[in-house]
Amino acid sequence: MNYTRTFKGRSYDFKDLKSLLAKASPRRSADELAGIAAASEEERAVAQWLLADLPLTTFLAEPLIPPEEDEVSRLIAESHDQSAFAPIASFTVGEFREWLLSDVTSDEQIAAVRMGVTPEMAAAVSKIMRNQDLIAVSRRCSVVTSFRNTIGLPGRLATRLQPNHPTDDPRGIAASILDGLLYGSGDAVIGINPATDSPRNVERLLHLLDDIIRRHEIPTQSCVLAHVTTTLELIGRGAPVDLVFQSIAGTEAANKSFGINLALLAEAHQAARALGRGTVGANLMYFETGQGSALSANAHHGIDAQSCEARAYAVAREFSPLLVNTVVGFIGPEYLYDAKQIIRAGLEDHFCGKLLGLPMGCDVCYTNHAEADQNDMDNLLTLLAVAGCSYIMGVPGADDVMLAYQTSSFHDALYLRRVLGLRPAPEFEAWLNRLGIFDGRNALGHGITPPQLLGAMHALAKELP
Amino acid sequence: MTDPWLALRRFTQARIALGRAGHAVTTKALLDFQLAHAQARDAVHLPWDREAFAEQLRKLGEEVLLFDTPVAGREEYLRRPDLGRVLSETSRTRLKRRNAAETDVALIVTNGLSSTAVERHGIPLLQAIVNLYRARQLRLAPISLVANGRVALSDQIGSALAARVAVIVVGERPGLSAADSLGIYLTHAPQPGRTDAERNCISNIRPPEGLNYAAAAEKLLYLTEEALRRGISGISLKDDMAGLLGE
């Protein structure tokens with residue numbers, strides 16, 4: 001279908017739905033690099049007008065990629081729930097925005113339409129929402145998941161303890177884990193990005209994490225963020241796998257460039273579930289995404305970065321994940337140029353994910369060639385915490401020495417606990433209080449290092465080469 | 001407030017045991033972080049004094065070629081990686097007119113994401129490389145210097161210079177702990193359209209903390225001779241090297 005609009009005597013022509021979506025997107029360098037962004041601010045604003053008038057049913061009638069060419073499109077079509085969609089079926093995109101914000105709409109009603117909302121509908125409505133709209137509606141979407149603790153309860157904020165080391169040195173990793181635990185971090189997951197993806201190395205790290213979690217009876221889960229095929233192989237070998245990690249994207253071709261497809265994810269999901277390692281619940285997939293990944297794989301089909309990202313969430317929700325993480329500023333300035341674009345993208349991703357029913361966390365981050373700094377991360381961190389973000393990263397001093405980028409620190413989570421009163425996952429909070437790491441009032445205790453962890457620390461220090 | 005687990009610092013460069021003021025980091029930790037970030041930012045935005053670099057090479061007796069990409073400035077360089085992968089119209093015409101005789105290696109240098117890295121380590125690294133190559137009687141094209149280039153640029157230059165192997169030295173993306181790392185990418189039978197899977201990479205060249213010049217040059221010589229002998233580069237070549245080194 002062709003989309004045209006005359007505005008003050010000038011005619012605007014958008015050749016198809018994906019072109020309209022791209023041109024209605026708030027400005028970002030990824031869409032400019034792809035050559036699909038609005039040519040002027042006016043064209044963008046006009047595209048938003050046109051998008052707002054579009055019936056939601058348009059997205060069902062006009063798939064962005066023909067389903068016969070793309071399994072993600074097939075998944076989106078097949079998993080669409082008509083009865084869940086019924087309450088919003090008559091809306092335009094603009095009316096959908098107002099319904100989401102309305103005082104008359106209950107949070108339960110928003111949750112009830114989840115499976116009737118497609119990623120494209122979520123992306124479309126986000127494009128005509130201000131940052132405050134994204135925050136206000138996200139806050140209304142509660143998504144609770146569990147494995148050895150409970151993530152996403154209202155008033156809670158979890159953290160992924162990310163103890164990366166450039167050579168995967170076990171003592172270096174253990175030192176960062178202790179640092180994180182003593183700062184109250186690690187309830188979402190203790191998750192290592194391995195420097196080397198070899199099965200032997202990943203297995204060694206899995207045992208390291210499993211050992212720490214069991215020895216100190218920490219109510220949390222571990223993950224080594226290896227390729228899903230590596231994890232699958234290790235499950236077969238009996239390695240202690242809690243969560244299965246994989247980077248995912250919103251098109252079949254982009255997923256292919258990651259070396260995955262839906263069948264492979266399903267196989268890994270089944271294999272890990274069969275281990276039955278969760279004690280509180282059985283959500284065990286951990287997905288990472290990020291705007292621009294489909295473009296960088298040259299697999300975006302002319303679809304804008306944010307819509308591609310929302311489509312990745314359709315892949316995620318098929319597997320009831322424990323955690324989904326948008327790694328928002330990692331990809332670099334050719335995709336998100338500056339802090340304004342990173343902040344906007346972080347809020348969009350969190351909103352779309354939550355609206356679709358996902359346990360969204362955000363890696364609030366940037367690289368040194370992006371126009372951003374730690375102050376900008378403070379801003380995004382605060383906004384996301386207000387929006388009810390499920391979890392953030394925790395890295396010693398915000399400096400990941402393996403991946404060479406900056407994200408949020410253990411201290412940053414403490415800041416959010418102090419200014420917004422957000423508490424860790426309840427099971428983990430009880431553990432922190434029991435060990436005296438926290439003082440029972442959602443803050444660090446005063447100068448007492450728990451004897452148990454102190455012992456672990458001395459043992460570590462003695463293992464000098 | 002200092003942390004009693006400060007002793008664990010010896011196990012990692014990660015910023016552990018930073019201490020705290022209430023929930024926040026100490027003033028020292030805060031300023032230390034900001035200094036490191038400032039150095040990284042400067043490295044990204046510093047323009048490269050290519051003329052001075054060329055002059056140093058000429059003094060060492062090297063023939064130097066200067067080319068440009070269509071990139072207008074650092075901001076465009078960051079936003080448009082595609083423009084950093086091609087030569088400007090004028091440079092392309094000039095390169096075509098050269099009518100190059102076949103060589104073994106075309107050496108190319110670009111500042112990439114860190115001019116600081118090229119300024120600090122470029123000349124001594126090139127000296128080490130060129131000396132090793134010459135000692136093995138490899139035929140070298142003149143050294144090409146291109147400001148604001150990306151790795152794939154070496155395909156176009158290498159092929160126009162009729163080189164069997166293209167080697168590009170590039171300033172790497174600055175991290176917080178290192179703003180001056182150089183990387184080297186090698187491609188056999190360079191021609192536009194080669195993918196990254198067809199290249200071999202040597203990274204983190206920045207003595208004294210990172211790889212030193214001699215070690216980098218030796219690694220490069222090994223890769224170059226293997227690429228020439230076997231007629232490949234990229235993933236398959238790397239695998240074999242790992243085997244040979246017993247990794």
Side-chain angles (χ1 to χ4, degrees), chain A residues 29 32-33 163-166 169-176 178-180 182-183 296 332-335 337 367-371 373-374 395-406 409-419 443-444 446-449 453-454 457-458 460-461 463-464, chain B residues 1-26 29-30 32-34 36-45 74-84 112-114 150 171-179 181 195 204 242 247:
Chain A
S29 47
E32 290 170 338
L33 181 62
N164 295 342
H165 186 276
D169 178 73
R171 283 164 311 174
I173 287 171
S176 288
L178 272 174
D179 192 55
L182 290 167
Y183 273 103
S296 80
E334 63 268 43
Y335 299 92
Y337 182 69
T367 55
N368 288 320
H369 59 323
E371 287 294 319
D373 63 21
Q374 219 60 26
V395 169
D399 171 14
D400 188 308
V401 293
M402 202 285 276
L403 295 171
Y405 79 122
Q406 285 89 252
S409 68
F410 306 137
H411 294 76
D412 290 335
L414 295 174
Y415 148 73
L416 293 173
R417 303 202 186 293
R418 172 174 282 194
V419 298
L444 284 180
H446 287 283
I448 310 150
T449 308
L453 286 174
L454 204 64
M457 185 185 97
H458 287 310
L460 196 64
E463 284 168 27
L464 265 176
Chain B
M1 189 180 217
T2 54
D3 294 325
W5 57 95
L6 199 69
L8 297 186
R9 283 253 185 106
R10 82 189 86 166
F11 297 121
T12 178
Q13 321 154 30
R15 292 169 195 257
I16 63 168
L18 289 183
R20 61 190 181 95
H23 63 273
V25 291
T26 61
L30 170 81
D32 190 43
F33 183 100
Q34 292 191 172
H37 185 239
Q39 287 166 337
R41 298 290 294 153
D42 285 347
V44 170
H45 288 281
R74 289 305 273 174
E75 180 178 331
E76 188 171 54
Y77 177 73
L78 295 173
R79 278 182 191 272
R80 295 289 304 272
D82 53 325
L83 296 182
L113 286 167
S114 174
R150 302 259 173 185
E172 292 182 334
R173 175 161 70 84
L176 220 53
S177 50
S181 271
T195 67
N204 195 30
E247 278 169 9

Determine yes or no for a side-chain-to-main-chain donor-acceptor pair under 3.5 angstrom, with Arg173(B) supplying the side chain and Ala404(A) the backbone. yes

Below 4.5 Å from any heavy atom of chain A, which atoms of Leu78(B) appear? Answer side chain, backbone, both or neither. both

What's the spacing between Arg10(B) CZ and Arg171(A) CZ if we round to 0.5 Å? 10.0 Å

Output for pair (Asp373(A) CG, His37(B) NE2), nearest 0.5 Å, gives 6.0 Å

How long is the gap from NE2 on His411(A) to CZ on Arg15(B), to the nearest 0.5 Å? 12.0 Å

Once you round to the nearest 0.5 Å, how far does CH2 of Trp5(B) lie from CG of Leu182(A)? 4.5 Å

Got a donor-acceptor contact below 3.5 angstrom from the His369(A) side chain to the Pro174(B) backbone? no

For Ala14(B), is it the side chain, the backbone, both or neither that has a heavy atom under 4.5 Å from a heavy atom of chain A? both

Greatest number of non-hydrogen atom pairs under 4.5 angstrom with chain B, of Val401(A), Asn368(A), Leu414(A), falls to Asn368(A)

Okay, Asp32(B) and chain A: the region with an atom under 4.5 Å from a heavy atom over there is neither

At a heavy-atom separation under 4.5 Å, does Tyr183(A) approach chain B through its side chain, its backbone, both, or neither? side chain

Distance-minimising heavy-atom pair for Gln13(B) and Pro166(A): NE2-CG, 3.7 Å

In chain order, what residues pass the side chain to side chain donor-acceptor pair (under 3.5 Å) check against Glu75(B), with sequence neighbours excluded? Arg79(B)

Asp82(B): which residues meet the side chain to side chain donor-acceptor pair (under 3.5 Å) condition with it, sequence neighbours left out? Arg80(B)

So which part of Glu371(A) gets closer than 4.5 Å to some heavy atom of chain B, the side chain, the backbone, both or neither? both

Quick one: which of Asp412(A), Asp399(A), Leu403(A) has the most heavy-atom pairs under 4.5 Å with chain B, could you say? Asp399(A)

In short, Ala17(B) meets Asp179(A) closest at the heavy-atom pair N-OD1, 2.9 Å

Parallel, tilted or perpendicular for Tyr415(A) and His23(B), by the 30°/60° rule? tilted

